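Remarks on the structure that follows.
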Number of protein chains: 2
Amino acid sequence: MKEQQLNKILTKAQDICNHSGGRLTTKRKGILELMLLSNVPLSAYEITDKYNKSTDSSMAAMSVYRILDFLETEQLVHKLSSTNKYVACSHIACSHSHEIPQFLICGKCQSVKEIAIAKRIADELEQEVANAGYKLVNSQLELQCICEKCS
Amino acid sequence: MKEQQLNKILTKAQDICNHSGGRLTTKRKGILELMLLSNVPLSAYEITDKYNKSTDSSMAAMSVYRILDFLETEQLVHKLSSTNKYVACSHIACSHSHEIPQFLICGKCQSVKEIAIAKRIADELEQEVANAGYKLVNSQLELQCICEKCS
DNA sequence: AATCTTGCTGATATATCATATCATTGCTGT
DNA sequence: ACAGCAATGATATGATATATCAGCAAGATT
Ligand SMILES: [Zn+2]
Ligand SMILES: [Zn+2]
Ligand SMILES: [Zn+2]
Ligand SMILES: [Zn+2]
């Protein structure tokens with residue numbers, strides 16, 4: 001990722017937080033940056049290690065969890081519940097509003113692609129769920145895939 | 001669940017294991033039965049506790065994990081990776097072959113419904129994934145829902 | 001500026017989920 | 001009975017996540 005692009009994203013993230021009243025502190029920004037620069041999702045403890053090595057600090061995992069909670073609330077990062085890892089949102093600098101994301105997770109290289117599936121498919125899925133007597137409240141999908149490079 | 005129905009399922013489970021060469025031992029059967037009788041998914045440790053209380057034994061969680069691995073391989077139970085819990089398959093006694101399951105998980109009462117979505121939707125989803133340059137390898141979905149009772 | 005309030009972080013403990021490894025037991029076919 | 005293999009026991013450790021209370025720092029109120 002280019003320096004310029006990263007800065008653009010971080011600036012936009014700052015805007016988002018300002019708008020919501022949250023504070024993108026130095027530590028929170030540092031964690032977000034680190035996640036943006038990673039090409040695979042990271043566990044909270046991996047994030048902790050990376051952060052501490054990169055800054056010669058010693059933040060406890062507890063703090064990282066709290067920061068991840070915050071960033072998740074701001075939709076700047078997402079949690080992948082199938083792998084218990086966390087990934088920076090791919091659409092921070094986009095102007096469109098954030099839809100419910102779907103994730104394509106490569107089983108070989110662990111890379112993740114965040115997409116938004118066609119509304120038609122989401123609707124059909126919701127209908128299917130309704131047929132089963134349930135009401136869909138969150139259609140975040142985590143799909144086990146193989147990426148182009150690895151296939 | 002009626003006694004008779006339970007026995008039918010356990011007999012079918014026995015058949016499935018015989019056919020695959022696996023052994024449905026007393027302990028494995030006990031774990032499966034316990035899971036069939038639960039109306040919510042259980043964690044490995046919850047299963048361990050329930051089993052030990054119900055039989056006055058003291059199986060270690062390690063053994064339960066191994067047994068769950070076995071039962072999963074035989075497709076008699078499924079793991080819900082979004083909650084780290086395990087649930088008995090709803091289609092053990094069915095004659096049809098086991099498709100890739102999808103799970104509707106109620107966020108209030110934790111009840112789970114195992115369904116198989118229309119092939120058309122699965123195909124469309126796969127196409128969507130292909131458009132993104134990925135190849136879908138497993139379309140097990142875990143959908144956050146509200147069930148009829150809770151809504 | 002001093003104080004207040006709120007939200008952020010530190011620090012520690014503990015709960016929860018999962019795997020590694022080696023020893024022991026018990027079927028199963030010869 | 002014996003050998004071989006599958007299942008279980010036993011113990012240790014690793015990985016993920018939450019609870020709780022104390023200290024601190026930034027923005028708001030006086
Ligand atoms: Zn996103
Ligand atoms: Zn890949
Ligand atoms: Zn099933
Ligand atoms: Zn419910």
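Quick note: numbers below take in every heavy atom, side chains included, and nothing from hydrogens, waters or symmetry partners. Residue numbers begin at 1 in each chain, while the letters A, B, ... track the order of the sequences. Note that the structure is predicted; figures quoted are calculated from it, not measured.
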Which whole-number value in Å describes the distance from [X] [atom1] to [N] [atom2]?
{"X": "Asp49(B)", "N": "dC17(C)", "atom1": "CG", "atom2": "C1'", "answer": "13 Å"}
{"X": "Arg66(A)", "N": "dG10(C)", "atom1": "CZ", "atom2": "C1'", "answer": "7 Å"}
{"X": "Glu72(B)", "N": "dA18(C)", "atom1": "CD", "atom2": "P", "answer": "10 Å"}

With [X] via side-chain hydrogen bond (donor to acceptor under 3.5 Å, both in side chains) - residues at least two apart:
{"X": "Thr25(B)", "result": "none"}
{"X": "Lys119(A)", "result": "Asp123(A)"}
{"X": "Glu72(B)", "result": "none"}
{"X": "Thr55(A)", "result": "Ser57(A)"}

Please name all residues satisfying salt bridge (Lys or Arg N to Asp or Glu O under 4.0 Å) with Lys79(B), sequence neighbours left out, ordered by chain then number.
none

Kindly state which residues belonging to residues 21-48 of chain B come within less than 4.0 angstrom of DNA chain D, counting heavy atoms of the residue only, listed by number.
Arg23(B), Thr25(B), Lys27(B), Arg28(B)

Boundaries of the DNA chain D segment in contact with chain B, non-hydrogen, under 4.0 Å
dA6(D) to dT11(D)

Which ones in residues 56-65 of chain A lie close to DNA chain C, meaning a heavy atom under 4.0 Å from one of its atoms?
Met59(A), Met62(A), Ser63(A)

Extract all donor-acceptor atom pairs below 3.5 Å that involve side chains of residues 59-66 of chain B and protein atoms in other chains or at least two apart in sequence.
unit_1   : atom_1 : unit_2   : atom_2 : d
Ser63(B) : OG     : Arg66(B) : NH2    : 3.3

Sequence neighbours left out, cut at 3.5 Å: what donor-acceptor pairs do the side chains of residues 86-100 of chain B make with other protein atoms?
unit_1   : atom_1 : unit_2    : atom_2 : d
His98(B) : NE2    : His78(B)  : NE2    : 3.1
His98(B) : NE2    : Glu114(B) : OE2    : 3.2

Only pairs under 3.5 Å count here: list side-chain donor-acceptor contacts from residues 29-37 of chain B, not counting sequence neighbours, and write none if there are none.
none

Would the distance check show the side chain of Gln110(B) and the main-chain N or O of Ile105(B) forming a donor-acceptor pair, the cut-off being under 3.5 Å?
no

Which pairs pass salt bridge (Lys or Arg N to Asp or Glu O under 4.0 Å) with one or both residues in residues 46-65 of chain B, sequence neighbours excluded?
Glu46(B)-Lys85(B)

